[in-house]
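Below is one structure; the comments refer to it alone.
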Amino acid sequence: MRIVTCNGFELEKEKSNSPEEFFNRSVIEYIKDGEEKTLNVLYLRYFDEMAARWTPYPTNPLFKSFDRDIYMADIIAMVCLFKDPSLSSRKRIYINSEQELAGYFENINFEKLEKVFISIDQAKPYDIKSQIDFYIYS
């Protein structure tokens, strides 16, 4: 698998009665088996406040990659795809449970995540031989 880009953003309210301002979207674009794919993860913005529970970072933004700050919204789609490779057959998922999101973050190697962002922020896609490389085993 080749990671091309990974970004996140806050949704903005389009209509006065829509709940969009309560959600964020995390998007990862990658190439798998020669096919370009995108996974969109929609989740409650409230979860960004819990970054310190699931990551080694005390605040959001989590870390810096060259000239840009990396936020929870930037990493969630990548973490989900690494944790559950079966998501490569999906285009979008919705996470509304703290337990579900926490499960994706269990045993993730955040140092390797940072390396992926450094590479893609230099316009160099990052090749992944196995998602297992992104796990820490106790």
Side-chain angles (χ1 to χ4, degrees):
M1 179 180 340
R2 174 174 274 188
I3 306 299
V4 178
T5 182
C6 197
N7 295 299
F9 53 94
E10 295 181 349
L11 297 183
E12 295 180 12
K13 196 171 208 157
E14 290 185 18
K15 297 178 183 176
S16 62
N17 62 347
S18 73
E20 289 151 328
E21 81 259 16
F22 299 114
F23 296 94
N24 285 351
R25 183 179 310 276
S26 183
V27 181
I28 184 168
E29 294 177 11
Y30 60 99
I31 299 169
K32 183 175 181 185
D33 300 327
E35 185 180 344
E36 291 183 29
K37 296 184 172 203
T38 302
L39 176 65
N40 290 276
V41 179
L42 184 68
Y43 69 95
L44 295 171
R45 184 172 302 156
Y46 166 72
F47 296 154
D48 284 357
E49 297 172 16
M50 301 177 189
R53 282 191 196 176
W54 305 317
T55 74
Y57 311 104
T59 61
N60 202 13
L62 307 174
F63 56 91
K64 194 167 195 70
S65 175
F66 289 96
D67 292 336
R68 85 170 169 138
D69 290 330
I70 305 300
Y71 292 86
M72 279 288 285
D74 296 316
I75 72 168
I76 286 180
M78 185 181 297
V79 167
C80 291
L81 185 61
F82 289 169
K83 190 67 173 201
D84 185 358
S86 73
L87 293 177
S88 66
S89 66
R90 309 262 313 262
K91 292 184 179 189
R92 56 185 64 81
I93 63 170
Y94 170 62
I95 300 174
N96 65 352
S97 152
E98 285 181 43
Q99 290 94 351
E100 182 181 3
L101 189 59
Y104 285 114
F105 280 93
E106 285 179 7
N107 301 320
I108 290 294
N109 185 332
F110 290 93
E111 289 178 15
K112 288 215 175 189
L113 278 184
E114 289 184 32
K115 290 179 182 179
V116 174
F117 278 95
I118 289 169
S119 180
I120 61 179
D121 286 347
Q122 291 178 326
K124 298 176 188 170
Y126 191 91
D127 291 318
I128 297 172
K129 293 176 179 47
S130 171
Q131 283 95 331
I132 294 172
D133 294 342
F134 288 84
Y135 298 155
I136 296 174
Y137 296 99
S138 342

- Among N7, I76, L39, side chain to side chain contact (heavy atoms under 4.5 Å, CB included) partner for S26: I76

- Pick one: which of E35, K32, M1 meets side chain to side chain contact (heavy atoms under 4.5 Å, CB included) with S88? K32

- Hits for side-chain contact (heavy atoms from CB on, under 4.5 Å) against F9, two or more places apart or cross-chain, chain-then-number order -> L11, R25, V27

- Return the set of residues passing salt bridge (Lys or Arg N to Asp or Glu O under 4.0 Å) with R90 (not counting sequence neighbours), or none when no residue passes. none

- Note on the structure: The reported gap from CG in L87 to CZ in R92 (rounded to nearest 0.5 angstrom) is 13.5 Å

- Residues which pass side-chain hydrogen bond (donor to acceptor under 3.5 Å, both in side chains) with D69, listed by chain and number, not counting sequence neighbours: K64

- Item | All side-chain contact (heavy atoms from CB on, under 4.5 Å) counterparts of N60, not counting sequence neighbours | D48, L62, Y71, M72

- With sequence neighbours left out, write down each residue that passes side-chain hydrogen bond (donor to acceptor under 3.5 Å, both in side chains) with S65, or none if nothing qualifies. D121

- Query: To the nearest 0.5 Å, what is the distance between OG1 (T5) and CD (E29)?
  - Reply: 5.5 Å

- Message: For the CD atom of E49 and the CZ atom of F47, what is their distance to the nearest 0.5 Å?
- Response: 10.5 Å

- Between CD1 of I93 and CD1 of I95, what distance do you get to the nearest 0.5 Å? 4.0 Å

- Query: Quick one: side-chain hydrogen bond (donor to acceptor under 3.5 Å, both in side chains) partners of S89, sequence neighbours excluded?
  - Reply: none

- E100 atom CD: more than 12 heavy-atom contacts under 6.0 Å: yes

Side-chain donor-acceptor pairs of residues 113-120 under 3.5 Å, sequence neighbours excluded:
from: E114; atom 1: OE2; to: Y57; atom 2: OH; distance (Å): 2.5
from: S119; atom 1: OG; to: K124; atom 2: O; distance (Å): 2.7

- R2: salt bridge (Lys or Arg N to Asp or Glu O under 4.0 Å) partners, not counting sequence neighbours: D127

- Can you sort out the partners of Q99 under side-chain hydrogen bond (donor to acceptor under 3.5 Å, both in side chains), two or more places apart, ordered by chain and number? S97

- More than 12 heavy atoms of other residues, nucleotides or ligands under 6.0 Å from CD of Q122: is that the case? yes

- Atom OH in Y30, atom CD1 in I3: separation rounded to 0.5 Å? 8.0 Å

- Here the gap from D74 atom CG to R68 atom CZ, rounded to the nearest 0.5 Å, amounts to 5.0 Å

